[in-house]
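Convention: sequence-line order gives letters A, B, ...; per-chain numbering from 1.
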Protein chains: 2
Amino acid sequence: MKSEDKKTKRKEDVKKTILDAAKKLFVEEGYQSASIRKIAAEIGVSPTTIYLYYKDKSDIAYALHQEGFLLLKTLFSSLISVEDPFERLKAIGRTYIRFALEHPDFYELMFMMKEPMDHLDSESEEECWEEGKQVFEFLMYTIGECQQKGYFEGSDLSSTALQSWATVHGLCSLFISTHLQKVGEECLSQEDTELLLETAFKTYVHFLEQTKNNHK
Amino acid sequence: MKSEDKKTKRKEDVKKTILDAAKKLFVEEGYQSASIRKIAAEIGVSPTTIYLYYKDKSDIAYALHQEGFLLLKTLFSSLISVEDPFERLKAIGRTYIRFALEHPDFYELMFMMKEPMDHLDSESEEECWEEGKQVFEFLMYTIGECQQKGYFEGSDLSSTALQSWATVHGLCSLFISTHLQKVGEECLSQEDTELLLETAFKTYVHFLEQTKNNHK
DNA sequence: TCAAAAAATTAACACTGTTAATATTTTTAA
DNA sequence: TTAAAAATATTAACAGTGTTAATTTTTTGA
């Protein structure tokens, strides 16, 4: 019915309003500090109203997590045009790193925190991690094409994808958790942490290049 | 003076008692859940007493962080006997992974959380990250020896060390944040996450082997 | 023994997520 | 149009958090 649709639409609008307020506070002062009460105050409703639209705080965390993946997928979508698979793989890595550096809060929510993940488990109907799935499958597809060009010989697709994701994620998460800064200061006398990250990534790419079988 | 020593010794004893209680709760139910009040109740003192021995909760977090590094260093110390540097490098990786899987809470505190790191910054006299430094330098030393045997040619020491740390850390942190589980279920139809981690590590080692210049 | 110093406590502040009970507003049907 | 029903929002409260100021208890040294 028409009125039914209108109702659910309005409900969706309120959900969006709440999420926007949550996002604003989240980006400005981090997840922990974006409390239910602050979100409510931001849009001028009582704290309990939030619970009429979101099950709990981790539900909001998951919604933001999804927004983050939407953004990352947008960034990745322009890389489909890169024809050479190894060039595309490098571009995926660079884009991923740029995303982490420009949106550290989102990165934390998407790849470092347990909370939005817990929400997925508790969800009825086993709602799957569609967003993450798509991103990972794009990586796997690209690596598969690289293999056909002679890269990563003798290694299976999933391990290679997992391993390359882990490498770049490792660098990004060490950056965000400030561990990279500390190692830079204490061990490497290098304060420019972004450069450190960049260089380590290049070293990794160099290793990958050496896996190429040139007879193919 | 003797009485002075006794006094500071007793003070240290109480600090240790508090830390042990904190560690117990921390290992049993995680950092967030190990509240000041619970720690105090555990040893039968009032919550405010804790603040006479530790500046704040992040101070306790840092003390536990140090305990974790002590344990990791103990595990690493037995690897000095491994003569072949590449074998030693592999052993370091395996030991690191085993540590992460067996002590996920400590791993989180040591390598994933910002809180203990913040404490280092706020510390007067710029107390340096000695524990982490030692571990990283052991890695660098080993990689340096690998280079002399023809591995990692054309890559500088610090980038290679950083990159290999990031790879293994990436795998461990994705395991702990449950992201690896989700990718295993959704994309790879592989529920055995530890096996997934293991295999990805082996793939990485295989890549490293291919960097060897056999003419040396 | 008694004053000074040290150590521990109680009470309180300002928060947090979350729920039950209540009130208000909107929608539906007579 | 108006009364009942449904949806929506609110207040009050619970049980917890880290942390500090003021106060009391205990220990120490002369």
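- Applying the side chain to side chain contact (heavy atoms under 4.5 Å, CB included) test to A:Gln190 and every residue at least two apart in sequence or in another chain returns A:Leu188, A:Asp192, A:Leu195, A:Leu196.
- Rounded to a whole Å, the NZ atom of B:Lys15 is 14 Å from the P atom of C:dA8.
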- Just by protein heavy atoms under 4.0 Å, how would nucleotides 13-24 of chain D read 5' to 3' in B, S and -? B---BBBBB---

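- Distances shorter than 4.0 Å separate some side-chain N or O of B:Ser46 from OP1 or OP2 on C:dT9.
- If you measure from atom CG of B:Leu52 to atom P of D:dT26, you get 16 Å, rounded to the nearest angstrom.
- With sequence neighbours excluded, no residue forms a salt bridge (charged side-chain N to carboxylate O under 4.0 Å, His left out) with A:Glu130.
- Scored by the side-chain hydrogen bond (donor to acceptor under 3.5 Å, both in side chains) test, A:Lys16 finds A:Asp20 as partners (sequence neighbours excluded).
- Using a 4.0 Å cut-off between charged nitrogen and carboxylate oxygen, B:Lys90 and B:Glu87 count as a salt-bridge pair.
- Regarding contacts with the backbone of D:dT8, every side-chain N or O of A:Tyr53 stays at 4.0 angstrom or more from both OP1 and OP2.
- Among the atoms of the strands shown, none is found under 4.0 Å from any heavy atom of A:Tyr54.
- Residue A:Glu12 contributes atom CD, which lies 16 Å from atom P of D:dA7 at whole-angstrom precision.
- Residues passing the salt bridge (charged side-chain N to carboxylate O under 4.0 Å, His left out) test with A:Glu115, sequence neighbours excluded: none.
- Partners of A:Phe152 by ring-ring contact (aromatic ring centres under 6.0 Å, His included), not counting sequence neighbours, listed by chain and number: B:Phe207.
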